[in-house]
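What follows is a set of notes on a single structure, which appears directly below.
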Amino acid sequence: MSITILGIESSCDDTSAAVIADGILRSNVISSQKVHEAYGGVVPELASRAHQQNILPTVSESLRQAGIDMKSVDAIAFTRGPGLLGSLLVGTSFAKGLALAAGVPLIDVNHLHAHILSHFIRTEERQDVPEFPFICLLISGGNSQIVVVRSPFDMEIVGRTIDDAAGEAFDKCAKVMGLPYPGGPHIDRLASQGNADAFRFSRPKIPGFDYSFSGLKTSFLYTLRDGVKVDPDFIDRNKADLAASLQSTIITILLDKLEKAVDRYSVTSVAIGGGVSANSGVRNAVADFCARRGIKAWIPPRSFTTDNAAMVAMAGYFKFQRKEFCPLSSPPFARVEI
Ligand code: KG4
């Protein structure tokens with residue numbers, strides 16, 4: 001039996017809809033919100049309003065690009081959380097209304113599960129998918145986790161951040177350097193022109209597989225200060241070196257715990273996911289580490305690293321096969337671990 005899933009994602013500031021048929025991607029439409037750029041961060045109320053404006057055209061376009069209409073959709077998968085509650089409410093309510101009108105079941109998806117399961121999306125170019133078990137380094141704006149993935153339904157978080165996420169470290173340090181939001185891609189670009197050994201920032205010393213990035217953030221801020229104020233001339237003169245040193249410290253912190261987890265759980269493949277997995281340095285470092293160890297690295301296409309509905313539809317496709325549907329009464333959730 002052929003299975004067609006419509007996925008809807010609205011957890012933060014990207015409205016996205018995608019169609020997956022039998023595990024193969026048919027469309028993935030993402031409408032990003034520019035309105036937040038002026039504020040240096042996502043403004044939740046503006047995000048909800050933009051989702052309301054974007055959701056209908058985004059879903060229509062995803063069906064059009066897949067060459068289907070609602071009659072061919074077997075179930076609607078939607079991101080139920082975690083994320084911004086107002087944003088999630090828009091996608092959740094829309095998915096419920098559409099499922100009710102079309103007479104198809106609803107599937108609730110955990111956004112973090114979806115990031116991990118994005119590795120199972122097959123496209124024309126990408127037919128291989130990971131074998132279980134593997135370790136996923138899940139690094140986004142809100143999370144930094146090491147997850148042991150034993151099946152699409154059995155994921156164990158063995159390491160997590162105890163304060164800031166890796167993406168926050170990129171974004172907050174970029175903000176004090178006067179770079180636009182989100183700062184991660186700007187640091188990535190500048191880092192390629194700088195000397196990673198120019199500055200030394202502090203690294204956490206915490207046990208186990210957990211992460212911490214707040215000490216790094218503080219030591220970065222101290223480096224930029226002249227007395228009590230941030231010194232704009234110093235930043236200007238050293239932009240590329242600051243970015244390169246920051247990025248390399250974040251990568252060292254990420255890889256240190258990842259390597260320990262690979263040893264402890266003796267997996268033969270490692271995947272990365274989440275917005276920060278778009279970072280060139282992170283991608284190279286993980287690929288190099290895996291090559292050194294003779295294990296397989298799953299580096300996602302950049303289009304699947306940031307928020308997208310393709311991964312939501314994929315997670316929905318797995319749940320559909322186990323008939324794991326959710327009632328219309330299921331509310332969205334802002335925070336939860338997988
Ligand atoms: O997973 P994601 O799209 O969203 C949420 O966490 O909601 O991740 C967004 C994060 C931001 O912190 C952004 O700066 C970071 O991903 N990011 C990057 C790069 N592209 C996006 N960080 C470093 N280098 C990049 N190229």
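We count ligands from 1, going down the list as the structure has it; atoms in each ligand are counted the same way.
One hydrophobic cluster, built from ILVMFWY side chains closer than 4.5 Å, holds both F304 and M314.
Between F325 atom CZ and S330 atom OG the span is 13.0 Å, to the nearest 0.5 Å.
A donor-acceptor pair is defined here as one N or O able to donate and one able to accept, closer than 3.5 Å; such a pair exists between the side chain of R126 and the backbone of I121.
Judged by distance alone, the side chains of S16 and N308 never bring a donor and an acceptor atom under 3.5 Å apart.
Centroid-to-centroid, the aromatic rings of F318 and F120 come within less than 6.0 Å. Taking the centre of each ring, F153 and F132 stay at or above the 6.0 Å mark.
Enumerated by chain and number, the residues approaching ligand 1 to less than 4.0 Å through a heavy atom are H115, S140, G141, G142, G167, F170, D171, P182, G184, P185, D188, G274, G275, V276, A278, N279, T306, D307.
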